[in-house]
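Quick one: the structure is below, questions incoming.
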Amino acid sequence: MKSQTNENFGFHFDNSYLQLPHEFYSKVILDPVENPAILLLNRTLAKQLELDVDALFKDGAPILTGSQMLKEAAQIAQAYAGHQFGHFNMLGDGRALLIGEHVTKNNTRFDIQLKGAGRTPYSRGGDGRAALGPMLREFLISEAMFALHVPTTRSLAVTTTGEPIYREQVYEGAVLTRVASSHLRVGTFQYAASFCDRDSLTELADYAIMRHYPELMQSENRYLAFLEEVLDRQAALIANWQLIGFIHGVMNTDNMTISGETIDYGPCAFMDQYNRGTVFSSIDTQSRYAYGNQPQMAGWNIARFAESLLPLIHDDVDEAIQLAQKTIEQFSSIYEAYYYNGMREKLGMLTVEPGDEALVDELLALMEEFEADYTNTLRVLSENKQTNEAIFQSPKFMEWEQRWLTRISQQGTTLEEALQVMQSVNPIVIPRNHQVEQAIQTFVEGDTAPFMELLQVLTNPFHLQPEHQKYTQLPNDDAPPFVSYCGT
Ligand code: AMP
Ligand code: MG
C-alpha cells in the first residue's frame with residue numbers, strides 16, 4: 001500500500017468493482033460546480049477512516065462535490081435495476097458517483113460515494129442533483145441510526161455546490177459523501193439476471209461473496225449459502241428497524257443492500273405513537289411500506305433476490321426453484337426470532353420463556369389502544385417511572401405490568417439488573433420528525449446551532465443531559481401529520 005500523502009487526504013483507493021464486466025458501471029466525468037464548500041464534516045468518522053481530517057476540511061470541497069478527482073479515483077456510476085413499489089425498472093446511480101473504494105490499514109473496504117454530484121448515464125429525466133435539506137436529513141438520520149446500533153451507511157460530509165437546483169421551488173444544491181461497506185443491492189443482481197449473461201451474473205455473485213461473505217467460498221453450494229446469508233442479514237436489519245420504530249419508506253429492491261446495511265434515507269421517519277399502519281411517505285399512497293408491513297416487504301424483496309440467483313443455485317431449474325423456495329420460506333421465522341429476542345431485551349426478559357411473545361404483543365396492543373408513544377413508553381418502563389400517560393393509568397396495563405414483573409422475578413435476576421439492560425437498548429431520544437424538520441429548516445436559513453445540537457444528542461441516544469429534555473417531547477396535538485418526500 002502507498003504511504004499516506006496529504007495530497008490524497010488519506011484516501012487509499014483500490015477499486016475492485018472495476019474488475020467486473022463493463023456493463024456493471026459507467027465512467028462519469030462531471031463538470032466542476034460553481035462554488036464548493038463543506039458545511040458539515042463528520043470528524044469522528046473521518047478519523048476512523050484514517051483520513052487527514054484538517055486538510056480535508058480545509059481543501060476537500062472540490063473533491064467532495066466531484067469537481068476534482070483524487071488519485072486513483074474510480075469515477076463511476078453503478079448500474080442496477082429494481083422493483084419500485086412492485087414495478088420492475090432499469091435504474092442505476094442517477095445522481096451518485098462512486099469516487100472510489102477506500103481501504104484502511106486493517107484492510108477494511110468502504111465505498112466513498114457522492115450523492116447529488118450530477119448527471120450520469122442512468123439519470124433518465126433527472127438532473128442528478130440534490131437539495132441541501134434532504135442531504136442534511138440523510139446525514140442526521142444515518143448517524144442517528146448508527147448510534148442506535150443499526151447497520152447503516154454512514155455520512156462523512158455535506159458540501160454545498162453554490163448552484164441552485166430547481167424543484168417546486170429553488171433550493172441550494174448539496175452533495176452528501178456517503179460511506180458504505182458496498183453499494184451492491186438486490187437490484188444489482190436483478191440487473192445482472194435481466195440484462196446480462198450468466199457469466200456476468202456469476203462474476204457479480206462471486207464478487208459480492210468475496211467482498212462480504214468470503215467464508216462462503218468454501219460452501220458446497222455457495223450461491224445458496226449466499227442467499228441464506230443475505231436473507232439472514234436482512235431479517236436482522238428489519239428486526240432492528242422494527243425495534244426502534246424506524247420506517248424506511250421506500251423499501252424498493254434497489255434500496256436493499258447485500259451487506260445488510262440500511263441505505264437511502266429518502267422519505268424515512270421514526271414513528272411516535274405505536275401504530276402498525278404508520279406511513280409518512282407522500283408517494284406511498286397504498287401504504288405498501290407501512291411500519292407493520294416492513295418485514296413482509298423485506299421477505300418479498302428477498303424472493304426477488306432469490307429469483308435472480310436461480311441460474312446459479314442449480315443447473316436444473318426445478319431443483320433451483322425448490323432450493324430457493326425452501327430458503328425464502330424461512331424468512332419470517334428467522335425475522336421473528338431476531339425481533340422477539342430484541343423485544344425480550346427491551347423488556348428486560350433475559351431468558352427465553354414460552355409466554356414471552358404474547359407478553360410483548362399484549363404491550364404493543366395496549367400502546368396501540370392508548371395511542372402511546374413507542375419510544376417513551378419503553379423508556380418509562382426501563383426507568384421504572386410513574387407518569388400520568390393514559391396507558392399507565394389503565395387497569396389493563398396494570399394487570400399486564402404485574403405479569404411482566406412476575407416474569408422478570410422468575411428469571412434469576414433482580415429487577416434492577418433487568419432495568420439496566422433495558423436502559424442500554426431503549427433509547428431516550430430518537431430523531432423526532434418535528435424536531436428534525438425544524439433543525440434542518442433553521443440550518444438552511446443560516447443558523448446551524450439547533451441542527452448541531454440535535455446531531456450531538458442523537459449521537460448518544462441512551463443518555464441525555466438534563467438541559468436536553470426537550471428532545472423527548474412529542475409534537476403538539478394540533479400539529480399537522482408529518483409527511484416526508486423523497487427524490488428531492
Ligand atoms: P431512490 O428513490 O432515491 O432510491 O432513487 C431511485 C432512482 O432514481 C435511482 O436510480 C436514483 O439514482 C434516481 N434518482 C433519484 N433522484 C434523481 C435525480 N435528481 N436525478 C437523477 N436520478 C435520480
Ligand atoms: Mg435508491
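Every heavy atom of this structure was used, including side-chain atoms; hydrogens, water molecules and symmetry mates were not. For ligands, and for the atoms within them, numbers begin at 1 and follow the listed sequence. Predicted model only: the values in this text are computed from it and were never measured.
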Given A96, G92, P267, G94, identify the one with the heavy atom nearest to atom 10 (O) of ligand 1.
G92

Under 2.8 Å from the Mg ion (ligand 2), the protein N, O or S atoms, given as residue and atom:
N255 OD1, D264 OD2

Does this structure show an ion pair linking R185 with D264, if we count only N-O contacts that are shorter than 4.0 Å?
no

Just by distance, no angles: are the side chains of Y207 and Q19 close enough, under 3.5 Å, to form a donor-acceptor pair?
no

To the nearest 0.5 Å, tell me how far Q273 CD sits from M367 CE.
12.0 Å

For a quick test of your reading: what N or O donor-acceptor pairs under 3.5 Å do the side chains of residues 85-94 make, sequence neighbours left out?
residue: N89; atom: ND2; partner: Q84; partner atom: OE1; Å: 2.9
residue: D93; atom: OD2; partner: Q78; partner atom: N; Å: 2.8

Heavy atom of G128 under 4.0 Å from ligand 1?
yes

Decide if atom CE of M210 counts as having more than 12 heavy atoms of other residues, nucleotides or ligands within a radius under 6.0 Å.
no

I'd like to know whether the aromatic ring centres of F11 and F13 sit less than 6.0 Å apart in this structure.
yes

Other residues, nucleotides and ligands only: do more than 12 of their heavy atoms fall within 6.0 Å of NZ on K27?
yes

Just to check, does R124 reach to within less than 4.0 Å of ligand 1 when the distance is taken from its heavy atoms?
yes

Ring centres under 6.0 Å, that's the criterion: do F189 and F226 meet it?
yes

When you measure from the heavy atoms of K115 to every atom of ligand 1, does any distance fall below 4.0 Å?
no

What atoms of ligand 1 come within less than 4.0 Å of a heavy atom belonging to D254?
4 (O)

